[in-house]
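Notes follow once the structure below has been shown.
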There are 2 protein chains.
Amino acid sequence: MNRFTDTFSEPLHCDAVKPAVYCQCVSQKQRRVTLRDIADETGLSLAAVSYAMRGLQLPLETRQRVQEVADRLGYQADPIARALASGRTGYVGVLCGSLGDLWQQGIAAALGRGLLQASRQALIVDASNDPALEASLAAQLVDQRVDALICLPIDPAAEHWRQVAERTVLVSIGDALPGVSTAAEVVFDNEATVSSALEQLARLGHRNIAVLTPATIATPDRPAEVVVHRLAAELGIRATLHTSPYELDGAHAVAREILAGADPPTAFFCLADSMAYGVYAATRELGLRVPEDLSVLGYDDNPVSGLLTPPLSSYRWPIELLVSSVVERTVRAIDEGKHSRRKVLVPIAQPRQSVGPPKSR
Amino acid sequence: MNRFTDTFSEPLHCDAVKPAVYCQCVSQKQRRVTLRDIADETGLSLAAVSYAMRGLQLPLETRQRVQEVADRLGYQADPIARALASGRTGYVGVLCGSLGDLWQQGIAAALGRGLLQASRQALIVDASNDPALEASLAAQLVDQRVDALICLPIDPAAEHWRQVAERTVLVSIGDALPGVSTAAEVVFDNEATVSSALEQLARLGHRNIAVLTPATIATPDRPAEVVVHRLAAELGIRATLHTSPYELDGAHAVAREILAGADPPTAFFCLADSMAYGVYAATRELGLRVPEDLSVLGYDDNPVSGLLTPPLSSYRWPIELLVSSVVERTVRAIDEGKHSRRKVLVPIAQPRQSVGPPKSR
DNA sequence: AAGAAGTCGTGAACCGCTTCACTGATACGT
DNA sequence: ACGTATCAGTGAAGCGGTTCACGACTTCTT
């Protein structure tokens with residue numbers, strides 16, 4: 001009966017009684033076409049149309065008839081109503097630990113595209129490297145009823161991940177979340193990278209290498225140290241591990257200090273390109289040439305790394321592979337509740353001109 | 001009565017009849033706390049609680065009582081239900097013409113943060129420089145019921161903006177959308193930048209300047225050409241306008257051609273830093289030094305521009321100002337339906353070391 | 001004292017879709 | 001010919017809020 005008044009009152013209202021209101025009607029955002037409209041038009045019930053639009057149950061002929069009317073009327077399902085009714089929003093949260101980092105921007109953008117193709121909408125959110133903010137944003141996204149949350153965690157060991165996993169599908173990129181029941185994990189094999197980098201440098205003759213790793217939240221164990229020392233021992237070289245901020249400026253200061261110290265290294269391996277930029281800045285300041293006086297190796301392969309003088313050798317992630325497998329696993333976890341096995345990604349070397357043999361002393 | 005069965009059937013079900021099902025109950029994502037729960041707890045009606053939670057109508061004492069219970073129960077309003085009922089989703093679409101460009105990434109990330117502060121969720125979407133995709137994504141966002149759409153348009157003159165504006169609040173950044181009733185526009189005064197750049201270069205003695213502008217969709221009028229020529233005439237210098245792709249590689253090729261041509265310019269003004277990188281690449285290839293042999297001036301001030309050799313002089317946008325005013329205007333348009341006047345933003349010069357006087361010939 | 005004008009709060013409709021339980025009708029097996 | 005499946009489709013109950021119209025109870029006017 002509501003529809004009755006709807007349908008009949010409007011033209012009456014507008015043409016005959018008060019034309020002034022008619023203008024309002026026109027200027028208003030137009031009314032949506034709803035399932036009701038299609039139901040009325042086809043003479044079917046609301047439920048039948050709902051099923052038909054989703055290709056369920058009904059015979060092909062009916063589905064086609066409904067589809068046709070829907071097209072003619074320009075029907076677009078209201079995702080909000082659908083979400084409320086079905087319990088699935090179609091939203092997937094993408095919580096980036098630090099979207100300031102270019103590699104995260106790249107992944108986030110690619111995830112946005114990939115999810116869109118899988119008919120989901122990404123909600124990209126940035127924790128700006130603040131663990132407390134990360135926790136609160138995660139909770140906020142869960143409250144927003146995302147179907148899944150994909151994270152590039154700042155602190156994989158943080159408590160909040162466990163709570164998120166209890167409330168939604170949780171997928172982690174980069175690091176595994178220890179003790180959390182994630183639906184999928186695509187992790188970076190940093191150990192393989194460190195190994196490859198040190199080996200490469202050792203082969204060129206470097207015997208004293210500085211490894212710069214981003215200052216992360218303290219974790220129970222610090223695997224990086226162990227790994228670096230073991231590998232160095234195996235290669236018979238010296239490798240020192242230094243923590244440094246992700247950002248250029250911070251890394252610049254750290255690098256300057258290292259280079260000014262006693263027995264400076266002949267090569268840097270930086271676990272982020274942005275830190276390698278900082279090393280470049282330090283070399284410029286100290287009048288050192290890359291790679292003659294100092295070899296520098298990055299990690300991320302930012303698009304600009306190829307532009308520096310000299311172009312920075314680096315490692316890059318197979319982003320398309322990463323994103324497609326994350327999206328696929330996430331969607332499967334949402335739709336079928338199936339958890340996937342952990343997937344380990346090995347980076348691809350991108351040699352350029354910032355690495356060479358050490359100066360003979 | 002539904003609540004009755006809810007409350008009573010579950011323990012019965014689980015403990016007595018089939019314990020197996022109970023486990024399922026436990027492992028399930030826990031049930032949300034709803035307004036109903038608070039209503040039951042306080043003895044108030046649903047409507048009263050709804051009002052109270054939003055600080056409406058009711059006396060302070062009641063509101064506090066409700067708030068207290070809500071806190072105790074850990075109530076979080078369901079944004080989906082709220083959206084369906086109120087017609088406002090709290091989502092704001094951010095449609096970036098080409099999120100590959102760093103300046104757009106910066107703005108998008110900042111908008112995400114700013115909107116979050118205004119308790120809205122940004123839906124960031126990338127048209128990858130494809131006008132057709134831009135149109136379809138815009139429609140998709142509108143169908144998703146965003147409260148507003150903020151765009152960084154590829155083609156401001158495109159037809160689809162008009163349709164979007166009819167269906168939602170439309171805000172444009174960068175360019176004005178001719179003939180479209182936008183709720184707000186924060187536009188870049190590119191003319192001022194070009195003028196400033198040419199003046200600066202002319203003052204240093206440059207008499208032959210190449211201006212590189214991104215290849216955009218053909219618009220009815222090409223104001224850039226007119227502007228450049230007028231300004232050049234005023235300054236008594238020669239300035240040639242070249243279109244080039246946004247990306248490094250494309251710009252590289254264009255710059256190489258220009259520099260290899262007859263009567264090459266002594267300075268480049270690039271309307272995007274990424275294009276300036278291409279010019280740098282061309283100079284390296286041709287053995288030219290910056291700024292001694294060629295001055296280069298960029299536009300955007302990417303974070304990496306300061307890292308090049310030599311650091312690139314550029315212009316940057318006051319991003320915080322841009323974002324805060326866009327967010328403010330957008331929110332006002334959503335909440336109060338008020339359209340704002342166009343705001344024009346003038347970029348800030350960021351001088352570094354890529355500009356100098358021309359070599360005396 | 002009687003009506004007017006608030007306060008505080010309630011019941012019910014509604015947003016647009018999904019989904020469950022169920023009905024009639026037709027086809028099937030024997 | 002009779003009971004049983006299967007098919008095509010329906011009615012109504014949600015989902016979790018918002019909002020409108022209205023009622024009971026105080027308080028203020030005059």
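All chains are named by letter (A, B, ...) in the order of the sequence lines, taking the proteins before the strands, and each is independently numbered beginning at 1. None of these values were measured; they are calculated from a predicted model.
Proximity of a side-chain donor or acceptor of A/W161 to a complementary backbone N or O of A/D155 within less than 3.5 Å is detected. Side chain of B/R329 to backbone of B/E185: no donor-acceptor contact under 3.5 angstrom is found. The closest donor-acceptor contact from the side chain of A/H339 to the backbone of A/T182 lies under 3.5 Å. A distance-only check finds no donor-acceptor pair linking the side chain of B/D71 to the backbone of B/E68 [under 3.5 Å]. Panel note: side chain B/R63, backbone B/L58; a donor-acceptor pair is recorded below 3.5 Å. The closest donor-acceptor contact from the side chain of A/Q104 to the backbone of A/S98 lies under 3.5 Å. Judged by distance alone, with hydrogens and angles left aside, the side-chain atoms of A/R54 form a donor-acceptor pair with the main-chain N or O of A/S50 at under 3.5 Å. Between the side chain of A/T168 and the backbone N or O of A/V146, at least one donor-acceptor pair lies under 3.5 Å.
Residues from residues 70-79 of chain A lying near DNA chain D, meaning a heavy-atom separation below 4.0 Å, are absent.
In this structure, the CD atom of A/E61 is 8 Å from the P atom of D/dG9, given to the nearest Å. Rounded to an integer number of Å, the gap from CZ of B/R32 to C1' of D/dG14 is 16 Å. For B/L60 and C/dG9, the CG to P distance is 12 Å, given to the nearest whole Å. For A/L58 and C/dT19, the CG to P distance is 14 Å, given to the nearest whole Å. Look at CD1 on B/I80: it is 13 Å from P on D/dT18, rounded to the nearest Å. In this structure, the CG atom of B/D40 is 13 Å from the P atom of D/dG17, given to the nearest Å. Rounded to an integer number of Å, the gap from A/M53 CE to C/dT19 C1' is 17 Å.
Applying the 4.0 Å criterion to OP1 and OP2 of C/dC8, one finds that B/T62 has every side-chain N and O outside that range. Distances shorter than 4.0 Å separate some side-chain N or O of B/R82 from OP1 or OP2 on D/dT18. Contact between the side-chain N/O atoms of A/S45 and the OP1/OP2 oxygens of D/dT10 is found at a separation under 4.0 Å.
Distance from the side chain of B/A81 is smallest to D/dG16 among C/dC17, D/dG11, D/dG16.
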Exercise. If the sugar-phosphate is the primed atoms plus P, OP1 and OP2 and the base is the rest, what is the B/S/- string for nucleotides 19-25 of chain D, using protein heavy atoms under 4.0 Å?
Worked result: BB-----
Let me have the donor-acceptor pairs involving side chains of residues 84-97 of chain A, under 3.5 Å, with sequence neighbours excluded, atom names and distances please.
unit_1 : atom_1 : unit_2 : atom_2 : d
A/S86  : OG     : A/R82  : O      : 2.8
A/S86  : OG     : A/R88  : N      : 3.2
A/S86  : OG     : A/R88  : O      : 3.4
A/T89  : OG1    : A/Y91  : N      : 3.1
A/T89  : OG1    : A/R145 : O      : 2.8
A/T89  : OG1    : A/D147 : OD1    : 3.3

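When heavy atoms are screened at a 4.0 angstrom cut-off, A/R88 is found touching no nucleic acid atom at all.
The 5' end of DNA chain D is approached more closely, in terms of each residue's nearest nucleotide, by A/L44 than by the other of A/L84 and A/L44.
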